[in-house]
Amino acid sequence: MSFTQQKEDKEIEEALVRDLQAGNLDAYDKIAELYQKKIYALSFNLMRNQMDAQDVTQEVLLTLFRKINTFQSKSAFSSWVYRITLNASYMKLRSKKKEPNVSIDELLPSFNGAGFQQEKIQDWSENTESLLFTNETHEVINKAVGLLPEKEKVVFLLRDVEGLSTEKVSGILDLTIPAVKSRLHRARLFLRKKLSGYFEEYNSKKGET
Amino acid sequence: MICCKECIDLLYDYIEGSLEQETSKSLEEHFEECPPCIAFLNTYKSTTTICRDTLNQIEIPDEVRRTLQSFLKEHKNQEEKK
């Protein structure tokens with residue numbers, strides 16, 4: 001997306017927010033249309049459940065409407081929407097039975113005394129293409145992301161999946177920039193390790209045939 | 001010469017391009033001598049790409065979209081009556 005396009009989008013969005021603050025209901029429809037996919041996708045990726053994501057999306061859309069006058073244009077409107085979505089998703093998750101936490105540290109790389117890698121590292125990065133669009137691969141990836149601890153997962157979803165800047169994520173989550181970076185790095189290491197098992201197995205099977 | 005552990009600690013900033021020139025250079029020297037770390041770098045980068053591509057495919061299912069539409073319509077009607 002070009003810079004001018006982004007600027008125009010931002011202006012359109014600001015105008016919609018002002019209209020909604022003034023009580024214009026058509027602006028509400030447009031804002032809902034602009035944001036419902038983002039809200040749904042983020043909450044779905046956090047909770048992995050269609051019904052829950054639907055509930056959260058409804059709730060967030062309602063909150064946007066009811067609380068629009070508390071929104072201050074100091075921060076971006078989208079950051080505000082993300083924050084409300086995260087809060088609503090966490091409330092929902094808390095009301096459910098918790099799955100046992102996986103320790104991320106066990107899956108981080110290990111080194112010997114001299115600082116060399118201890119495990120054998122295979123490069124499967126070239127061979128993911130043919131697997132990417134299979135259901136099995138989707139399942140593996142979704143499951144791996146699902147296993148990330150909450151703190152790392154949310155940073156990963158906002159930064160790597162949504163593609164927001166480190167600064168924006170730090171504002172939304174009220175974290176320092178180094179904290180965002182370190183959580184994201186840990187999330188990537190964890191996922192890399194989880195996916196390695198799957199892709200390495202695929203590669204060795206391919207080697208046999 | 002930096003070791004694998006330092007190398008992996010630096011990967012994030014290396015990919016962002018935010019390392020000092022000198023650090024970046026010693027990292028690249030390490031890569032030249034350490035195929036496992038190159039494999040690690042490649043798969044680290046791939047991990048982000050394939051996860052993003054997969055998770056971004058989420059669309060609102062039709063039935064959810066319909067529910068949301070009628071929810072919004074109902075909500076708007078209530079507000080208009082106020």
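Please read these numbers as outputs of a predicted model, since none were measured by experiment. Order of the sequence lines fixes the chain letters, A, B, ..., with proteins taken first and strands second; residue numbering starts at 1 for each chain.
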**Q** Can a salt bridge be assigned to the pair A:Glu126 and B:Lys45 using a cut-off of 4.0 Å between side-chain N and carboxylate O?
**A**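 Not counted as a salt bridge, because no side-chain N and carboxylate O are separated by less than 4.0 Å.
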
**Q** I'd like to know whether CG of A:Asn69 has more than 12 heavy-atom contacts from other residues, nucleotides or ligands below 6.0 angstrom.
**A**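 Yes.
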
**Q** Using non-hydrogen atoms only, which part of B:Cys37 is less than 4.5 Å away from chain A: side chain, backbone, both, or neither?
**A**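 B:Cys37 touches chain A through backbone and side-chain heavy atoms alike.
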
**Q** Of B:Thr49, B:Thr48, B:Leu55, which is the lone residue that meets side-chain contact (heavy atoms from CB on, under 4.5 Å) with A:Asp160?
**A**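 With A:Asp160 as partner, B:Thr49, B:Thr48, B:Leu55 yield a single side-chain contact (heavy atoms from CB on, under 4.5 Å), made by B:Thr48.
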
**Q** Count the heavy atoms of every other residue, nucleotide or ligand shown that sit under 6.0 Å from NZ of A:Lys151, and state whether that count exceeds 12.
**A**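 Open: at most 12 neighbouring heavy atoms sit under 6.0 Å from NZ of A:Lys151.
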
**Q** Quick one: pull up CG in A:Leu157 and CZ in B:Arg52 and give me the separation to the nearest 0.5 Å.
**A**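 CZ of B:Arg52 is found 13.0 Å from CG of A:Leu157.
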
**Q** If the threshold is 4.0 Å, N to carboxylate O, is there a salt bridge linking A:Asp26 and B:Lys76?
**A**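 Looking at B:Lys76 together with A:Asp26, the answer is yes, because their closest N to O distance falls below 4.0 Å.
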
**Q** How close do B:Cys3 and A:Gly115 get, heavy atom to heavy atom, and via which atoms?
**A**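 Of all heavy-atom pairs spanning B:Cys3 and A:Gly115, the closest is CB-O, 3.5 Å.
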
**Q** Can A:Gln117 and B:Lys5 be said to form a side chain to side chain contact (heavy atoms under 4.5 Å, CB included), step by step?
**A** CA-CA 7 Å; A:Gln117 299 211 50; B:Lys5 183 177 185 310; over 6 Å; no

**Q** If I take atom CD1 from residue B:Ile60 and atom NZ from residue A:Lys38, how far apart are they, to the nearest 0.5 angstrom?
**A**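 These two atoms lie 11.5 Å from each other.
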
**Q** Between B:Asp9, B:Asp13, B:Thr43, which has the largest tally of heavy atom pairs under 4.5 Å with chain A?
**A**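 Of the candidates given, the most pairs with chain A belong to B:Thr43.
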
**Q** Can you name the nearest heavy-atom pair linking A:Ile121 to B:Ala39, along with the distance?
**A**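 So the minimum-distance heavy-atom pair works out to CG2-CB, 3.7 Å.
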
**Q** Is it the backbone or the side chain of A:Asp29 that comes under 4.5 Å from a heavy atom of chain B, or both, or neither?
**A**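 The side chain, not the backbone.
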
**Q** In terms of heavy-atom proximity below 4.5 Å to chain B, should A:Leu25 be classed as side chain, backbone, both, or neither?
**A**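 Interface part for A:Leu25: both.
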
**Q** Quick one: CZ on B:Phe40 to OG on A:Ser196, what's the gap to the nearest 0.5 Å?
**A**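 Output value for this atom pair is 7.5 Å.
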
**Q** Let me know if A:Thr166 has heavy atoms under 4.5 Å from chain B in its side chain, its backbone, both or neither.
**A**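 The side chain, not the backbone.
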
**Q** Consider only side-chain N and O atoms of A:Arg188 and B:Thr47, and report whether a donor and an acceptor are under 3.5 Å apart.
**A**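 There is no such pair (donor and acceptor under 3.5 Å, judged by atom type) between the side chains of A:Arg188 and B:Thr47.
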
**Q** Would you compute the distance between atom CZ of A:Phe65 and atom CG of B:Leu72 and round it to the nearest 0.5 angstrom?
**A**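 With rounding to 0.5 Å, CZ (A:Phe65) is 10.5 Å from CG (B:Leu72).
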
**Q** At a heavy-atom distance under 4.5 Å, which candidate from B:Lys73, B:Arg65, B:Glu6 has the highest pair count against chain A?
**A**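 Ranked by contacts with chain A, first place is B:Arg65.
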
**Q** For B:Leu68 and A:Tyr40: C-alpha separation, side-chain torsions, deciding distance, then whether side chain to side chain contact (heavy atoms under 4.5 Å, CB included) applies.
**A** CA-CA 11 Å; B:Leu68 288 174; A:Tyr40 180 83; 5.5 Å; no

**Q** Between the main-chain N or O of A:Val161 and the side-chain N or O of B:Asn56, is there a donor-acceptor pair closer than 3.5 Å?
**A**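 Answer holds: yes.
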
**Q** For the interface with chain A, which of B:Leu11, B:Ile58, B:Ile38, B:Ile2 has the highest count of heavy-atom pairs at distances below 4.5 Å?
**A**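 Max contact count across the listed options: B:Ile58.
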
**Q** Do the ring planes of B:Tyr44 and A:His185 sit parallel (below 30°), tilted (30 to 60°) or perpendicular (above 60°)?
**A**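 Tilted.
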
**Q** Please give me the minimum heavy-atom distance between B:Cys51 and A:Leu191, naming the atom from each residue.
**A**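 Nearest pair, atom of B:Cys51 first, then A:Leu191: SG-CD1, 4.2 Å.
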
**Q** Might you confirm whether atom CD of A:Glu14 has over 12 heavy atoms from other residues, nucleotides or ligands at distances under 6.0 Å?
**A**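 Enclosed: over 12 neighbouring heavy atoms sit under 6.0 Å from CD of A:Glu14.
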
**Q** Test side chain to side chain contact (heavy atoms under 4.5 Å, CB included) on A:Gln58 and B:His75 and set out the steps.
**A** CA-CA 10 Å; A:Gln58 284 192 355; B:His75 172 60; over 6 Å; no

**Q** Using the side chain to side chain contact (heavy atoms under 4.5 Å, CB included) rule, take B:Phe71 and A:Leu62 through it: C-alpha gap first, then chi angles, then the decisive distance, then the call.
**A** CA-CA 10 Å; B:Phe71 169 80; A:Leu62 205 58; 4.0 Å; yes

**Q** Quick check for you: to the nearest 0.5 Å, what is the distance between A:His138 atom NE2 and B:Thr54 atom OG1?
**A**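 One finds 4.5 Å between NE2 of A:His138 and OG1 of B:Thr54.
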
**Q** Checking A:Gln122 against chain B: side chain, backbone, both or neither under 4.5 Å from a heavy atom?
**A**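 Contact with chain B is through the backbone of A:Gln122 alone.
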
**Q** Tell me, out of B:Pro36, B:Cys34, B:Cys4, who's got the most heavy-atom pairs with chain A below 4.5 Å.
**A**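 Most heavy-atom pairs under 4.5 Å with chain A: B:Cys4.
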
**Q** Measuring heavy-atom distances to chain B, does A:Arg48 have an atom under 4.5 Å in its side chain, in its backbone, in both, or in neither?
**A**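 Interface part for A:Arg48: side chain.
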
**Q** For B:Glu20, I'd like to know if atom CD has over 12 heavy atoms of other residues, nucleotides or ligands within 6.0 Å.
**A**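 Not buried by this count: 12 neighbours or fewer within 6.0 Å.
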
**Q** With a 4.5 angstrom heavy-atom cut-off, which part of A:Phe116 approaches chain B: side chain, backbone, both or neither?
**A**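 Looking at A:Phe116, backbone and side chain both touch chain B.
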
**Q** Can you find a heavy atom in the side chain of B:Val64 that is under 4.5 Å from one in the side chain of A:Thr57?
**A**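 A side-chain contact under 4.5 Å is absent here.
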
**Q** When you look at CD of B:Glu22, are more than 12 heavy atoms from neighbouring residues, nucleotides or ligands closer to it than 6.0 Å?
**A**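 No, the 6.0 Å shell around CD holds no more than 12 heavy atoms from other groups.
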
